[in-house]
Structures are given as C-alpha cells and as structure tokens.
Amino acid sequence: MTEPEATAIERESMEYDVVIVGAGPAGLSAAIRLKQLGGDEVSVVVLEKGSEVGAHILSGALLDPVGLDALIPDWREKGAPLNTPVSSDRFMVIGKNVALKLWNWAMPPILSNHGAYIVSMGNVCRWLAEQAEAMGVEIFPGMACSQLVYGEGGEVRGVVAGEFGLNLDGTPGEAYEPGMELLGKYVFLAEGVRGSLSKQVIARYRLDADSDVQKYGLGMKELWEVRPEAHKPGQVTHTMGWPLGSNAGGGSFMYHLENNQVYVGFVVHLNYENPHLYPYLEFQRFKHHPLIAEVLKGGKRIAYGARAISEGGWQSMPKLSFPGGALLGCAAGMLNVPRIKGNHNAMLSGKAAAEAAWAALQAGRGSDELTAYETEVRTGPIAKDLKPVRNVKPLWSKLGMLASLGLGGLDMWVANLFGFNVLGTIKHGKSDADATGRASAHKPIDYPKPDGVLSFDRLTNVSFSFTNHEESQPCHLKLTDPDIPIGTNLPEFAEPAQRYCPAGVYEVIRDDDGSNPRFQINFQNCVHCKTCDIKDPSENITWCTPQGGDGPNYPNM
Ligand SMILES: Cc1cc2nc3c(=O)[nH]c(=O)nc-3n(C[C@H](O)[C@H](O)[C@H](O)COP(=O)(O)OP(=O)(O)OC[C@H]3O[C@@H](n4cnc5c(N)ncnc54)[C@H](O)[C@@H]3O)c2cc1C
C-alpha cells in the first residue's frame, strides 16, 4: 500500500511544542517529564485512539518499577496503583501433565522478579494520565492519528487526528469531520508495537537500514476472578513447553493480582513455520494443564484481549530519531524478551526523549533530530537491560527452547558477571512472515474443542474484549492485492490468517458444497493486535488506523 499522506482536505491546525501519539507508558512518561522540566513554558498534547486512556492497554503486567522510580520517585505517596508486590516467583518447564520447577538460584539475576509489582497497566496509564493532566498536558482520547504531516524540508511536522465519518468506500459521508492537523516542533511516536505511523516513518527514513529484522510474538491474555482459596496474591508463574512443543516458541504467564483476580496469558512466537498452527487454540488448551486448571476452575473469565509483542530486542531496534521526532518504547521494540517486560523501558524512553526535546527547545531548535535521545537509549539503563539478553531469542529460533535455556542462560550469566556476551550478537534471520512454511510440508494440528468452562471459542472470547468498530466506515485492514488470500495464500499456506488472528477477523467462506472460496474480513472484531500486518506470508495486509474510539475497551487489563 502506498503511504497515506495528509491530503488536500482543508483542516484546522493547532501548534504545540511536542505532539505525542499514544497514551501508553512511553507517551505519558514523555508528557510528564516535559512538564516537569518546562512547566507552563512547554505545550504538550497526547493523542490516543482508544475511547479512553487505558482502553487499548493489554499488558496486565509484572511491572519493574525502575521507570516509575526515575520518573515520579514519590509515586507511592501519590497513590500510584501498584498494590500487589511479587510474593513468589516460579519458572516451570511443563509437559502435558507434569511441571518441573527450575531453581531460582540457577536463573540469571536479570530474570528475578523480586521488587516487581503485579499491576493493571491500563490502570497505571489512567493514573499517569491524571498526573499529566494535572501538570497541564492536553490529552485527547478517541483521537486516532491516521496520517503524518510533513514539512517542506521533508521533516515530520505533525499528524492528522480525529477524522470521522468516512463511508465504506472511503469517501466523506454526511457526518464527515476532517479532523485536525496537530503540529509540533517535535513529534513523538509512542504507538506501541508495529505502530502504523511508526512503520511509515521507519520506511521513509530507512531507520532500520542498520538493524536486524524485527521479530514478534502474539500475546493473548484473559483476566479471571477465581475462588478465594485459589488466590495467592503476588504469585508469579511462567511456563515454557507444553502445548507448543517443537511447533513454535513461546510460553505462558499467570499473575495473581488483588481482589481474587488472576491474569493468565500465553505468548506464541510468530516465527512459527507450520501454517496450520492456531495460536488462539494453543492458549485455550494450555489452560487445561493441571497447574493452571486448578487455579481457574470454579472461577470466571472477565476479559480477553490480544496484542503483538516485539521480540527482536537490542539488535532489531531501529534508529530512534528522525527529522522532527522520535520513536519511543515498543514502537521501537524495547521489550526485554526473557523478562517479558517492556513497560519499564517504555517509561525510561519517554523520559529520555522528553529530556532531549526540552534541551533542544531551550536551545531554540525544532524539527531536527534528537540525537541526544538516541545516545541515552543506546548507552543508558535501557541498553543495560536489553544488551545482556540479546541472544536468547535468536538462540531459541535457531536451536529450540532447551538450547536457549542452556546457552542463553550461560550467555546471560556471563553478561551479568562480566559485562559482555560470550556469544557476541546472534542475528535473527528471516522475518516472521518469511518464516511461514508451505501447508503441504506440515501436518494439520488436531485441537480439542473448547469446553466453555476453562476454554472458550474465539468469537465468544472476543466479545469479552468489548471491541467495536462502526460498520459504515472503511475497512482498516487493507489488502495490497485482493486476489492473494484465495489465489496464493489458500493453496500454498492454507490461508493462515484464519488461524493466526486471535479475534476471528479473517475467514474463508464457501458455498454449501465447499466450492467457491471467498476471503471475508470481519474488521469489526479487530482487537488491534497487528498480527496480520506481521505474519501474513505474502505481506499483503496493512493494518491502518481506524477512527478514534473504535477497537477494544479493556477494563483493567
Ligand atoms: C500479553 C502481553 C503481556 C505483557 N506483559 C508485560 C509485563 O508483564 N510486563 C511488562 O513490563 N511488559 C509487558 N508487556 C509488554 C508491554 O505491553 C509493552 O512493552 C508496553 O506496552 C510498551 O509501551 P508503549 O507505551 O511503547 O506502547 P503501548 O503500551 O502499546 O501504548 C501505545 C498506545 O498508543 C495508542 N496508539 C497506537 N497507535 C495510535 C495512533 N495512530 N493514534 C493514536 N493512538 C495510538 C494505543 O492505543 C496505545 O494506547 C506485555 C505485552 C503483552 C502483549
């Protein structure tokens, strides 16, 4: 698809010092830090596509407070919703009916969760937004940024946000609102993983020219209310192994937070080869493992959601600054894979970007590159978090889980003790789309039917994401070539979109006699995970930003 640029439509515009796209931990931290430094002298706006701050935040989360400590050292006194410190930490390798606990002392110290908190990251973001607004940041939820605005010198000048009321065919409808241009001396893209504007900026300025390919996982999560006797506040469990086995890399997490609530989640690395793999059903059957089932039985599932995770780590991080702005947090892939944690780095990157922008503004600069931000990320605490673990993911992809545990563990231990990686920097290899193998070379997988008690069919679960998209607007999932799904993907890859989408957006429908296959896109179900934009073997699907307020409405995920 060609890059949509601000069109000739007349729009009002507003000028700020800094425009921030995305009210996640990265964007909100940047906004807060700018106001801490500049007070009334700096104008900051945050635009968020979710109906409210937190509506699209899924990472119910083990939060390393290092980012929050740096940003708001008195967060406890200010009532930040970090209520459940980790009380016990288990790492298990599981088979179908067995579970083997790894010794905590054998784990590299960087993987320890001691001192972390189990939080609803949605609620943490809501709290951060309150802090930011009290300092004078303007936050506009329900405002999706759909286009970038470029200046005459080719620099990013701002974004178009708040376009509503397009017809299905993309023409302006009766209630059309063109949105506004929000212009800034600096534009921060804090869209999270596989941001749609970030993707355009990375391509336009070739920010990934010197970095390795980005890798991803698909994270799916449910929030459960469990029986009081099954609830162990602060308990953290991570597993690897069953049911994925050698079919794919990945693992699970189960975190007991407050109020008899438990997050149970499952991550599937998206570089799996077998196109018959059905990540959603892997998650559902995983919950039947005795270790998990005994916690969930008698409880009820309250919410469901899914989101991609960036897994490329240190070597896949693109150049972070571009003329007129910067990529923050997981828009640049700052997740630490073996820790499954990215919120702390997102916050640290927001803080660093804000400090670089404030220094530049004070020096009378604007619309140039914030190289000081780049330097801070590549030499400061984010680098110290990401560099030592950089070989875990490529080892897993190339040699499997056990080798990754052994060799990756050794590499992390040495990095912890001596400050360097014995294995140097291992490259990732193929993109996740390219990793997908031919259907004929792989066996279909027989999945058990969800029982409706511990496991659920996909569409029922999607209703627990509370997602919604107005049906009269254009489909935001664009096919570059509409013939590819049936003409190429179906015969060659058994059209894997039917299975990799955790929300049932993509279907191949047929006549009653099984003939005449057609590709159907139920975009109303989309939970904005971006997996289709990543995993389609023909790279034929582009996830474009739908109108503001659409998408999931996660409660306290
Ligand atoms: C299942 C799962 C479990 C995880 N568990 C943990 C964990 O336990 N601990 C941990 O630290 N990390 C965890 N993570 C990772 C963590 O979620 C990310 O590292 C973190 O969210 C990155 O923060 P961010 O601010 O960069 O992006 P995000 O948190 O994704 O925030 C981006 C925001 O920008 C908005 N946005 C995006 N595009 C636009 C646009 N064009 N216009 C307007 N708004 C836009 C989005 O709606 C969203 O609100 C997990 C992730 C997943 C998927």
Side-chain angles (χ1 to χ4, degrees), residues 19-30 46-67 86 113 116-119 121-122 124-125 128-129 140-148 159-162 182 188-200 216-222 236 238 252-253 255 263-268 283 305-311 327-337 339-347 349-350 385 502 527-531 543-552 554 557:
V19 173
I20 301 176
V21 179
L28 291 167
S29 300
V46 180
L47 304 153
E48 168 55 48
K49 67 179 161 61
S51 59
E52 53 150 354
V53 172
H56 290 183
I57 300 292
L58 181 75
S59 78
L62 203 46
L63 180 65
D64 177 344
V66 63
V86 171
N113 291 310
Y117 291 79
I118 299 171
V119 299
M121 212 48 215
V124 171
C125 287
L128 287 171
F140 297 123
M143 289 283 273
C145 304
S146 47
Q147 296 173 35
L148 289 155
V159 292
V160 172
L182 295 119
F188 288 172
L189 298 180
E191 298 178 285
V193 179
R194 198 74 167 190
S196 43
L197 300 183
S198 312
K199 195 176 150 187
Q200 292 170 29
Y216 299 91
L218 167 61
M220 295 155 284
K221 203 182 87 185
E222 292 171 3
V236 167
H238 288 112
S252 83
F253 58 89
Y255 306 148
Y263 292 125
V264 57
F266 200 77
V267 177
V268 176
F283 175 33
R307 180 81 172 93
I309 291 183
S310 57
E311 293 188 339
L327 297 170
L328 273 55
C330 275
M334 295 184 191
L335 181 114
N336 180 317
V337 178
R339 299 181 74 199
I340 337 177
K341 290 192 188 69
N343 287 307
H344 60 300
N345 287 339
M347 296 178 83
S349 81
D385 187 61
V527 292
H528 297 198
C529 74
K530 319 266 176 95
T531 302
W543 192 99
C544 302
T545 312
Q547 69 180 26
D550 284 358
Y554 296 133
M557 290 284 265

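The first residue of the sequence shown is numbered 1, and numbering continues consecutively from there. Quick caveat, the model's predicted, so the values are computed rather than measured. Counting convention: from 1, in listed order, for ligands and their atoms alike. Below, all heavy atoms of this structure are taken into account, side chains as well, without hydrogens, waters or symmetry copies.
- Of all the atoms in ligand 1, the ones that sit under 4.0 Å from a non-hydrogen atom of Leu47 are 43 (C), 44 (N).
- Rounded to the nearest 0.5 angstrom, Met121 CE and Leu62 CG are separated by 11.5 Å.
- Atom 36 (N) of ligand 1 has its closest protein heavy atom at Lys49 CE, 3.7 Å.
- No side-chain heavy atom of Gln147 sits under 4.5 Å from any side-chain heavy atom of Val159.
- No side-chain heavy atom of Lys530 sits under 4.5 Å from any side-chain heavy atom of Tyr216.
- Pro25 places a side-chain heavy atom less than 4.5 Å from the side chain of Cys125.
- Of the inter-residue distances, the one linking Leu335 atom CG with Ser310 atom OG reads 5.0 Å to the nearest 0.5 angstrom.
- Rounding to the nearest 0.5 Å places NE2 of His344 at 10.5 Å from OG of Ser349.
- When only non-hydrogen protein atoms are considered, atom 37 (C) of ligand 1 lies nearest to Glu191 O, 3.2 Å.
- For Ala190, every heavy-atom contact with ligand 1 shorter than 4.0 Å involves the backbone, none the side chain.
- Residue Pro25 places a heavy atom less than 4.0 Å from ligand 1.
- A salt bridge between Arg339 and Asp64 is present, with a side-chain N of the basic residue lying under 4.0 Å from a carboxylate O of the acidic one.
- Counting protein heavy atoms only, atom 7 (C) of ligand 1 is closest to Ile340 O, 3.2 Å.
- Which parts of ligand 1 touch Tyr255 is read off a 4.0 Å heavy-atom cut-off, strictly below it: atoms 8 (O).
- Between His56 and Lys49, the closest side-chain pair of non-hydrogen atoms falls below 4.5 Å.
- Using a 4.0 Å cut-off between heavy atoms, Ile57 contacts ligand 1 through its side chain alone, with no backbone atom that close.
- Evaluation of the ring pair (Phe, Tyr, Trp, His ring centres under 6.0 Å) rule for Phe266 yields Phe286 as partners, not counting sequence neighbours.
- The distance from ligand 1 to the heavy atoms of His56 drops below 4.0 Å at these ligand atoms: 47 (O).
- Here the CE atom belonging to Met557 is positioned 8.0 Å from the CD atom belonging to Glu222, to the nearest 0.5 angstrom.
- The protein heavy-atom contact nearest to atom 42 (N) of ligand 1 is Cys145 N, 3.0 Å.
- You'll find the side chain of Leu328 stays beyond 4.5 Å of the side chain of Glu191, heavy atoms only.
- When non-hydrogen atoms are compared, ligand 1 lies under 4.0 Å from the side chain of Ala346 (C-beta onward) but not from its backbone.
- The closest protein non-hydrogen atom to atom 28 (P) of ligand 1 is Gly192 CA, 4.0 Å.
- Against a heavy-atom cut-off of under 4.0 Å, Gly24 is close to the following atoms of ligand 1: 25 (O), 31 (O), 33 (C).
- Shortest contact from atom 17 (O) of ligand 1 to any protein heavy atom: Ser59 CB, 2.9 Å.
- For Leu63, no heavy-atom contact with ligand 1 is shorter than 4.0 Å.
- Arg339 does not count as a contact of ligand 1, since none of its heavy atoms falls under 4.0 Å from the ligand.
- For the residues Arg194, Glu48, His344, the heavy atom positioned nearest atom 49 (O) of ligand 1 is part of Glu48.
- Geometrically, ligand 1 and Ala308 share no nitrogen or oxygen pair separated by less than 3.5 Å.
- Nearest residue to atom 25 (O) of ligand 1 from Cys125, Ala26, Gly551 is Ala26 (criterion: closest heavy atom).
- Among protein heavy atoms, the minimum distance from atom 34 (O) of ligand 1 is reached at Gly22 CA, 3.1 Å.
- Taking only nitrogen or oxygen atoms, main chain and side chain alike, Ile309 does not reach within less than 3.5 Å of ligand 1.
- Residue contacts with ligand 1, taken as heavy atom pairs separated by less than 4.0 Å, involve Lys341 via backbone and side-chain atoms alike.
- For Asn345 and Asn336, the side-chain atoms include no donor-acceptor pair closer than 3.5 Å.
- Here Leu218 contributes atom CG and Thr531 contributes atom OG1; the two are 4.0 Å apart, rounded to the nearest 0.5 Å.
- Proximity of Leu335 to ligand 1, defined as any heavy-atom pair under 4.0 Å, is confined to the side chain (atoms from C-beta onward).
- The atoms of ligand 1 that sit less than 4.0 Å from any heavy atom of Cys330 are 18 (C), 19 (O), 22 (C), 26 (O).
- For a threshold of 3.5 Å applied to N or O pairs, the pair formed by Asn343 and ligand 1 contains at least one separation below that value.
- Thr545 and Ser196 share a side-chain donor-acceptor pair at under 3.5 Å.
- The closest side-chain heavy-atom distance from Tyr554 to Val527 is below 4.5 Å.
- Under 4.0 angstrom from ligand 1, there are no non-hydrogen atoms of Met334.
- How far NZ of Lys199 is from CG of Leu327: 14.0 Å, rounded to the nearest 0.5 Å.
- Distances below 4.0 Å separate heavy atoms of Met143 from the following atoms of ligand 1: 43 (C).
- When non-hydrogen atoms are compared, ligand 1 lies under 4.0 Å from the side chain of Thr545 (C-beta onward) but not from its backbone.
- Not a single ring pair (Phe, Tyr, Trp, His ring centres under 6.0 Å) links Phe283 to another residue, sequence neighbours left out.
- Regarding atom 8 (O) of ligand 1, its nearest protein heavy-atom neighbour is Leu62 N, 2.8 Å.
- Within ligand 1, the atoms closer than 4.0 Å to a non-hydrogen atom of Gly329 are 26 (O), numbered from 1 in the order shown.
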